[in-house]
Amino acid sequence: MKSAFAAMNISEGTGYGLIRAAQFPIEVIEFGRVLRVRKVDLVEFLGLSPLAAAEVQSASAAHSDGAPGVQPKAPSEQSAPTSASK
């Protein structure tokens with residue numbers, strides 16, 4: 001569900017609130033305590049073509065650490081001390 005919420009640009013709280021209120025715009029399927037939406041329904045709701053959805057999925061798989069555009073163990077910039085800190 002977190003991926004669906006992220007794709008829809010809503011928070012988890014908002015998403016689960018909509019589900020509880022039966023206002024979620026996509027059919028939610030329950031497997032015991034687990035909630036799922038069908039990918040085809042999400043793609044249709046977002047107005048994406050199946051090809052565009054596949055490209056988005058492959059791009060997100062390449063950045064599975066949750067920080068898009070950030071290389072693991074990449075050096076970070078550090079600011080130099082200024083004369084004002086004396």
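Note that these values count all heavy atoms, side chains included, but never hydrogens, waters or copies made by symmetry.
- Listed here is the closest heavy atom pair of Gly15 and Ile10: CA-CD1, 3.7 Å.
- Contact of the Val37 side chain with the Glu27 side chain is not registered, since no non-hydrogen atoms from C-beta on lie closer than 4.5 Å.
- Residue Val34 is not grouped with residue Met1 when hydrophobic side chains (ILVMFWY) are merged at heavy-atom distances under 4.5 angstrom, including chains of intermediate members.
- Taking 4.5 Å as the limit, every side-chain heavy atom of Arg36 sits out of range of all side-chain heavy atoms of Val28.
- In this structure, Phe24 has its ring center no closer than 6.0 Å to that of Tyr16.
- Between the CG atom in Asp41 and the CG atom in Leu46 there is a gap of 11.0 Å [rounded to 0.5 Å].
- The heavy-atom pair separating Phe45 from Met8 by the smallest distance is CE2-CE, 3.6 Å.
- Between Glu44 and Ile26, every side-chain heavy-atom pair lies at or beyond the 4.5 Å cut-off.
- Contact of the Ile19 side chain with the Leu35 side chain is registered, since non-hydrogen atoms from C-beta on lie closer than 4.5 Å.
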